[in-house]
Amino acid sequence: MGTLIGVIIVLFVLGSMMALKPNGIDQRLDKLRMTARRLQLNPKLVACPDWIKGRDNEYGRGMLGQYCLILEETKLPHTRYQVIDGQWRPDSSFVDTSDDAKTLHIPSAIRSTQSSNNVTVKKTDFSLDKAPLELPVSIEPFVKGLMTKANSIIIYWEDIAYVRPNSNPTYHQQGIEADLLVLKANLEKWAIQMQKDARG
């Protein structure tokens, strides 16, 4: 009887330990984010921004991976892009009411309850308009949006889909770093392009 109780206790302890162990998807995602952190891509899990189509193709729904590359001594315009047909397209709904030199004053563009009929709309940055993503095939289908501000360029993507076997059957742990290096190189390239166009 004592042996049976001992076996049951051992099985219970082993079962509890196995339940605490992360599943395969979580382990893959952890490996992806740790590699991204090492490459200075600063990954975070965030709520889907309201200007990006998230889960079920609805704006602002679900969670996304936010990977941010900070570029020292770089000044980028505050802008947002969405992915449409494999290309970057400016988010035309982006409105900024700040009073900087890169704004347009459009009389009577929107009638509001305010006394002024002028609306200050941020000039849309077209530096990347219709530029192809040119990312690895294992990343590109999951990319949703891009945002720049100050000295950072941020990409939003479904990084969990990258590590799921049913959405990315070509996933290989050995390919993570190579894929992320291509992503980082493209973020740097896009930032340089925007900076050049802002100066020009």
Side-chain angles (χ1 to χ4, degrees), residues 21-72 74 76 79-91 94 125-149 151-197:
K21 185 180 176 186
N23 66 29
I25 301 295
D26 290 339
Q27 290 177 3
R28 289 176 169 198
L29 190 57
D30 185 53
K31 171 76 174 165
L32 173 68
R33 291 179 179 161
M34 291 299 288
T35 304
R37 193 168 285 113
R38 186 168 46 80
L39 296 174
Q40 299 176 332
L41 288 170
N42 306 305
K44 277 200 295 190
L45 181 66
V46 298
C48 181
D50 59 5
W51 54 277
I52 293 178
K53 287 184 179 179
R55 193 174 64 223
D56 300 328
N57 218 23
E58 291 184 27
Y59 285 99
R61 189 160 181 214
M63 303 292 283
L64 290 177
Q66 170 189 289
Y67 288 47
C68 174
L69 179 63
I70 297 171
L71 301 163
E72 300 298 334
T74 302
L76 296 170
T79 188
R80 303 188 306 209
Y81 285 87
Q82 297 175 356
V83 178
I84 299 174
D85 297 329
Q87 299 177 326
W88 289 123
R89 299 308 310 266
D91 178 17
F94 183 38
D125 181 278
F126 290 100
S127 304
L128 301 181
D129 191 23
K130 296 186 179 177
L133 268 61
E134 295 177 342
L135 293 170
V137 293
S138 53
I139 290 179
E140 191 168 309
F142 311 120
V143 174
K144 300 291 186 176
L146 183 79
M147 183 171 77
T148 59
K149 60 181 179 179
N151 65 344
S152 59
I153 182 165
I154 302 160
I155 195 162
Y156 295 93
W157 68 301
E158 293 176 305
D159 59 352
I160 194 164
Y162 174 86
V163 299
R164 280 192 179 133
N166 60 348
S167 53
N168 183 12
T170 62
Y171 169 84
H172 292 289
Q173 186 172 323
Q174 298 80 8
I176 289 175
E177 185 165 350
D179 287 348
L180 290 178
L181 283 170
V182 173
L183 174 63
K184 183 177 180 179
N186 273 280
L187 290 173
E188 290 169 342
K189 179 183 80 173
W190 296 327
I192 290 167
Q193 181 63 46
M194 282 191 238
Q195 194 175 31
K196 279 182 185 172
D197 289 359

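The structure displayed is predicted, hence computed values, not measured ones. Counting begins at 1 with the first residue of the sequence.
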- Show the numbers, then the answer: is there a side chain to side chain donor-acceptor pair (under 3.5 Å) between Asp129 and Ser127? CA-CA 6 Å; Asp129 191 23; Ser127 304; over 6 Å; no
- In sequence, state the C-alpha distance, the side-chain angles, and the governing distance for Ile160 and Leu32, and then conclude on side-chain contact (heavy atoms from CB on, under 4.5 Å). CA-CA 9 Å; Ile160 194 164; Leu32 173 68; over 6 Å; no
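With a 4.5 Å cut-off on side-chain heavy atoms, Lys31 and Val163 do not count as touching. At least one side-chain heavy atom of Glu158 sits under 4.5 Å from a side-chain heavy atom of Leu64. Looking at Pro165 and Arg28, their side chains come closer than 4.5 Å, going by heavy atoms from C-beta outward.
In this structure, the separation between CD1 on Ile155 and CE on Met147 is 12.0 Å, given to the nearest 0.5 Å. Note that the CD1 atom of Ile70 and the CD1 atom of Ile154 stand 8.5 Å from one another [nearest 0.5 Å]. Atom OG1 of Thr79 is separated from atom CG of Leu146 by 8.5 Å, given to the nearest 0.5 angstrom. Remark: Leu180 CG to Ile139 CD1 distance equals 5.5 Å, nearest 0.5 Å. The distance from atom CG of Asp30 to atom CD1 of Ile25, rounded to the nearest 0.5 Å, is 13.0 Å. A distance of 4.5 Å separates CD1 of Ile153 from CE of Met194, quoted to the nearest 0.5 Å.
Not a single donor-acceptor pair under 3.5 Å links the side chain of Tyr156 to the backbone N or O of Ile52. Here the side chain of Thr74 pairs a donor or acceptor atom with the backbone of Glu72 at under 3.5 angstrom. The main-chain N or O of Ile84 is never found under 3.5 Å from a side-chain atom of Arg89 such that the two would form a donor-acceptor pair.
Counting heavy-atom neighbours within 6.0 Å of Met63 CE, excluding the residue itself, gives a total above 12. Around the CG atom of Asp56, the shell of radius 6.0 Å holds more than 12 heavy atoms that belong to other residues, nucleotides or ligands.
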Taking distance alone, no hydrogens or angles, what donor-acceptor pairs closer than 3.5 Å link side-chain atoms of residues 39-51 to residues at least two apart or in another chain?
from  : atom 1 : to    : atom 2 : distance (Å)
Asn42 : ND2    : Cys68 : O      : 2.9

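Residue pairs meeting the side-chain hydrogen bond (donor to acceptor under 3.5 Å, both in side chains) criterion with at least one member in residues 174-192, sequence neighbours excluded, are Arg38-Glu177, Glu134-Lys189, Ser138-Asp179, Tyr162-Asp179, Asn186-Lys189.
Partner of Asp159 under the salt bridge (Lys or Arg N to Asp or Glu O under 4.0 Å) criterion, chosen from Arg33, Arg164, Lys144: Arg33.
Across Phe126 and Pro90, no two heavy atoms sit closer than the pair CD2-CG, 3.7 Å. For the pair Leu76 and Ala191, the tightest heavy-atom approach, listed with the atom from each and the gap, is CD2-O, 3.4 Å. Nearest heavy atoms, Val83 versus Trp88: CG2-CZ3, 3.3 Å.
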